[in-house]
Amino acid sequence: MESMLFESRDLARTEEFLNRAYTKMQIGGSAKDVSTRISRAAADSISIDRLEIGFEMSYDADPLGKICLCEVVSGSIEGHATDGWQDDFRPGDLVNFAPPDRPYAGKVCRSGYTITMFDPALLTRVAGAGRKDDSPVRLLSHRPYSRPAARQLSRTIAYLSDQLSNPAVQASPLVRASVSQLLASSVLAAFPNTAMAERGSADPRPSTVRRALAFMESNLDQAITIADIAAAAGVTVRAVQTAFQRHVGATPLGELRRLRLAEVRSELLVADPADRTVAEIAVRWGFHHHGRMAAAYLEQYGELPSTTLTR
């Protein structure tokens, strides 16, 4: 693959480019301004693209033949459907866009996002040691294990995007191989997959903690209590508190606050200061006392939420 830059305000030209760069697809859009900008950093079988679609663009695409990870930065992708499931993606979501052998369809709504693609065989090569058979490794879910897992993979992809733009990396087969291995290892650590299923859960924490975290991550914008968390985990309040102290090093409600602060940060990073305020975003995630929230945010991220928003 080669690096590239594409810019257009012509729908037909954009469709032609997408067919060449990704797979055969049909797109549609009714806006007068159909601005599109796509840049790519690539090496060997890996490519990391940054896309800015300035209109509502529907798409109906053939299989990509590659692992395709999508991370939404702004706007949204709605009604994305493939392989028997459908989902909507918002800023901060990082997902496995479609299985390599499945078609997909949906609508991009004035969105900025990244697309990371690579050969599916890379997962099998990296996961090879200790496996029971030689069958190809597959991802078992389109979403990562957790939001923290998604954020860690996002940081890795951002780092690799910079590396792929480095001429020294482009010139060194050994360094390019290490980049490929890092990407595949990070994807296997973030997503449920058949290799981990063979070896047992990739998450060493007990099922009580995993169930509680899954419930919290699915209800971050809801008013939930410690009793709700314990019930979702199937244990008593005392038992869930003990499990978190032992295996997470925090109370369940402390971990809930940390997860919500991460959502506040995700929104602040992409928000327009002219349209959004810290207080508005904080209240959305359950923080009604601005001073306490700001102090907790400063402790967790080393800066005030207002600094994140203006930056």
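Quick caveat, the model's predicted, so the values are computed rather than measured.
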Side chains of [X] and [Y]: closer than 4.5 Å at any heavy-atom pair?
X: T36; Y: E52; result: no
X: F215; Y: D228; result: yes
X: R90; Y: V72; result: no
X: F244; Y: V209; result: yes
X: R37; Y: I53; result: no
X: L123; Y: R138; result: no
X: S178; Y: Q181; result: no
X: T14; Y: F6; result: yes

Can E263 and I281 be said to form a side-chain contact (heavy atoms from CB on, under 4.5 Å), step by step? CA-CA 9 Å; E263 296 301 324; I281 294 171; over 6 Å; no
Do other residues, nucleotides or ligands put more than 12 heavy atoms under 6.0 Å from R246 CZ?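 It does not: R246 CZ has 12 such atoms or fewer within range.
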Does CD belonging to Q26 count more than 12 external heavy atoms closer than 6.0 Å?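 Not buried by this count: 12 neighbours or fewer within 6.0 Å.
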Take T156 and V187 through the side-chain contact (heavy atoms from CB on, under 4.5 Å) test and state the conclusion after the steps. CA-CA 9 Å; T156 299; V187 171; over 6 Å; no
With a 4.0 Å cut-off on N to O distance, would you call [X] and [Y] a salt bridge?
X: R260; Y: D221; result: no
X: D119; Y: K66; result: no
X: R284; Y: E280; result: no

For residues [X] and [Y], report the shortest heavy-atom separation together with the two atoms involved.
X: S154; Y: E71; answer: OG-OE2, 2.7 Å
X: A184; Y: L122; answer: CB-CG, 3.7 Å
X: L309; Y: P273; answer: O-CG, 3.4 Å
X: L220; Y: W285; answer: CB-CZ3, 3.7 Å
X: T194; Y: L140; answer: CG2-CD2, 3.6 Å
X: P91; Y: S74; answer: CG-CA, 4.0 Å

Is it true that the side chains of R50 and S161 contain a donor and an acceptor less than 3.5 Å apart?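 Side chains of R50 and S161: pair found under 3.5 Å.
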Will you find, in the side chains of Q245 and T251, an N or O donor that is under 3.5 Å from an N or O acceptor?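 There is no such pair between these side chains.
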side-chain contact (heavy atoms from CB on, under 4.5 Å) between F89 and F97, intermediate numbers included: CA-CA 10 Å; F89 309 134; F97 212 48; 3.9 Å; yes
Member of Y104, Y59, W85 meeting the side-chain hydrogen bond (donor to acceptor under 3.5 Å, both in side chains) criterion with H80: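 That would be Y59.
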What's the separation between atom CG in L69 and atom OG1 in T114, rounded to the nearest 0.5 Å?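 Going from the CG atom of L69 to the OG1 atom of T114 covers 8.5 Å.
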Could you tell me the separation between the CD1 atom of I46 and the OG1 atom of T116, rounded to the nearest 0.5 Å?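 I46 CD1 to T116 OG1: 9.0 Å, rounded to 0.5 Å.
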Please answer whether the main-chain N or O of [Y] pairs with a side-chain N or O of [X] as donor and acceptor at a distance below 3.5 Å.
X: S76; Y: E78; result: no
X: N193; Y: F191; result: yes
X: D62; Y: T23; result: no
X: T242; Y: R238; result: yes

Examine R40 relative to Y22 and say whether NZ or CZ is less than 6.0 Å from the centre of the six-membered ring and inside a 45° cone about the ring axis.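 R40 over Y22 ring: yes.
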Could R265 and Y301 be counted as a cation-pi pair, given that NZ or CZ must be under 6.0 Å from the ring centre and within 45° of the axis?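 Here R265 passes the 6.0 Å and 45° test against Y301.
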Output, in order, the C-alpha distance, side-chain angles, deciding distance and verdict of side-chain contact (heavy atoms from CB on, under 4.5 Å) for L269 and T308. CA-CA 6 Å; L269 286 168; T308 305; 3.6 Å; yes
Full working for side chain to side chain donor-acceptor pair (under 3.5 Å) between R155 and Q152: CA-CA 5 Å; R155 287 191 288 267; Q152 181 59 45; 3.0 Å; yes
